[in-house]
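What follows is a single structure, written as structure tokens, with notes after it.
Sequence positions, counted from 1, serve as the residue numbers for this chain.
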Amino acid sequence: MNLEIAENHTMFTQLRHDIHRHPELGFKELKTSQMIVEKLTEWGFDEVHSGIAQTGVVGVLKGMGSSSKSIGLRADMDALSMDEENTFAHKSCHSGVMHGCGHDGHTAMLLASAWYLSKYRNFSGTVNFIFQPAEEGLGGAKVMIDEGLFERFPCDRIYGMHNMPGIPEGEFHLREGALLASSDRFNIIIEGVGGHAAMPERVVDPAIIMSNIVLAAQSIVSRNVSPLESAVISITDLHCGSGTYNVIASTAIMMGCVRAFDEKVRKRVIERLTTVVEQTAIAHGATATLRIQKGGYPATVNHKEATRIAAEVAEKVVGEDKVNKNCTPLGGSEDFSYMLQQVPGCYLLLGNGSTGEKGGVSVHNPSYDFNDEIIPQGASFFIELVKSELSLVTS
């Protein structure tokens, strides 16, 4: 672990607490991005660019050597739309907005590494520090890419990390290939014929159709996806009727999501779900439409060489016994996946704390908080990664 980062742990903890106190939703991270610009400018970065994807920031730092190589380090900045139930001094000042996923900690760790590397510049090449807005369902990574992120700031490889409750504090978990699943949200609109509940022969009951779709959809994974592959279809919201006892509604609305680790499986499941929805409705004399929302995240797929490098660096920082190089994939999703589709790289999980212990409360929980004790490990990983990727050759 980097000794100087550890010695200045309090400074970066205070910075993290300040971000946590002032959470901002996606594309509205004005205070956070302004603070980042001020810090990077104060630390003498070669270039500081703001306003990318509205509130995104990229700091460009050049090393002592003259190598043309470059890498990207990414942290997300946005908070969640939820109330915080914590009572500590740094709890959210804004009702209905909370850093419930640890992006405040991700930003603090990347800033800590930026502070150290700007002091010493003991590498050869260029590091692009990417502070990304709107990860939480809004696809800020894709917006940055569409606005020319990698044309303006070329990266040979790119890296990011996410804290993970349930993993012991300070451990790194990663794997080559798919680490996180894709996520596609959908709506189903069923159009039947409403009427009096005492005369069901005169109606086309959307509640019956809805129930059949729920059951039929669960056969897609078991009968259209290989047992050696995986996918999930979750129907999470069902609505039919207007709160009366004797009226059969004419329409029904369903919501849910599809998750998969492979792009071919993802497409196959969505195609089959579309068929199930449409044909089930037809069989009952109704119509139904599946609408996939725009902005679904692809699977987060790590590249071989970048994963090898990341694993070696993690072992150097925390020791071989605290690095799981072939962890089990998780069903959550992450828009860093868009960056990995453009540039080879690796996404890691950093243990926030075991279940039932400090840092073990799940993300997206009103009692969650980022574990400040892992700031040195995360920042040290980024620092050692830069030294490894952009090694300074001395004679």
Side-chain angles (χ1 to χ4, degrees), residues 25-26 76 78-82 100-103 134-143 162 164-166 177-190 206-207 209-227 229-240 251-281 288-301 328-341 347 349 362-366 368:
L25 298 176
D76 38 16
D78 58 323
L80 287 161
S81 179
M82 60 188 295
C101 204
H103 297 184
E135 189 280 327
E136 294 289 355
L138 298 175
K142 188 175 188 302
V143 178
H162 200 295
M164 186 53 58
L179 176 70
L180 300 173
S182 61
S183 177
D184 293 283
R185 299 173 182 180
F186 63 79
N187 297 84
I188 299 171
I189 312 298
I190 303 168
I209 299 165
M210 181 169 62
S211 301
N212 277 270
I213 289 173
V214 170
L215 294 175
Q218 301 311 309
S219 70
I220 293 173
V221 173
S222 66
R223 289 298 176 265
N224 299 118
V225 176
S226 167
E229 298 171 324
S230 62
V232 173
I233 300 175
S234 295
I235 296 177
T236 57
D237 189 275
L238 305 171
H239 182 77
C240 182
T251 62
I253 299 173
M254 308 167 65
M255 298 169 60
C257 63
V258 172
R259 296 178 184 267
F261 293 98
D262 179 87
E263 188 64 21
K264 291 181 180 179
V265 173
R266 177 190 186 191
K267 291 179 179 178
R268 188 188 317 146
V269 169
I270 292 173
E271 288 172 358
R272 288 294 301 135
L273 183 59
T274 302
T275 300
V276 164
V277 168
E278 293 175 352
Q279 295 302 315
T280 300
T289 305
L290 176 74
R291 298 174 182 171
I292 301 293
Q293 291 188 7
K294 293 182 179 180
Y297 293 175
T300 303
V301 182
T328 302
L330 297 178
S333 60
E334 174 42 80
D335 76 346
F336 188 72
S337 55
Y338 289 116
M339 295 189 178
L340 290 175
Q341 289 183 333
Y347 197 65
L349 304 175
S362 173
V363 294
H364 293 224
N365 182 301
Y368 165 86

Listed partners of [X] passing side chain to side chain contact (heavy atoms under 4.5 Å, CB included), at least two apart:
X	value
Met254	Ile188, Ile190, Met210, Ile213, Val214, Ile235, Leu238
Leu25	Ser81, Val97
Ser222	Ser219
Leu138	Phe27, Ala134

Partner set under side chain to side chain donor-acceptor pair (under 3.5 Å) for [X], not counting sequence neighbours:
X	result
Glu135	none
Tyr347	Glu334
Asn187	Gln293
Asp184	Arg266

Given side chains that start at C-beta, do those of Val301 and Leu179 come closer than 4.5 Å, heavy atoms only?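 With C-beta onward as the side chain, the pair stays apart.
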With a 4.5 Å cut-off on side-chain heavy atoms, are Thr251 and Pro206 touching?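 Side-chain contact under 4.5 Å: no.
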What salt bridge (charged side-chain N to carboxylate O under 4.0 Å, His left out) pairs are there with at least one residue in residues 269-279, not counting sequence neighbours?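 Residue pairs passing salt bridge (charged side-chain N to carboxylate O under 4.0 Å, His left out), neighbours aside: none found.
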Side-chain donor/acceptor of Arg268 to backbone N/O of Asn224, under 3.5 Å: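 Looks like yes, one N/O pair under 3.5 Å.
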Has the side chain of Ser337 got a donor or acceptor atom that lies under 3.5 Å from a matching backbone atom of Pro298?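 Present.
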Distance (rounded to the nearest 0.5 Å) between Cys257 SG and Ile292 CD1: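 Interatomic distance, Cys257 SG to Ile292 CD1, rounded to 0.5 Å: 10.0 Å.
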Which residues pass the ring-ring contact (aromatic ring centres under 6.0 Å, His included) test with Tyr368, not counting sequence neighbours?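 With neighbours one apart ignored, the set is empty.
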Salt bridge (charged side-chain N to carboxylate O under 4.0 Å, His left out) partners for Arg185, two or more places apart: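 With neighbours one apart ignored, the set is empty.
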Taking salt bridge (charged side-chain N to carboxylate O under 4.0 Å, His left out) as the definition, give me every residue that meets it alongside Asp335, ordered by chain and number, with sequence neighbours left out.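 If we apply the salt bridge (charged side-chain N to carboxylate O under 4.0 Å, His left out) test to Asp335, skipping adjacent residues, the hits are Arg74.
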Taking it one step at a time, do Glu229 and Lys264 satisfy side chain to side chain contact (heavy atoms under 4.5 Å, CB included)? CA-CA 10 Å; Glu229 298 171 324; Lys264 291 181 180 179; over 6 Å; no
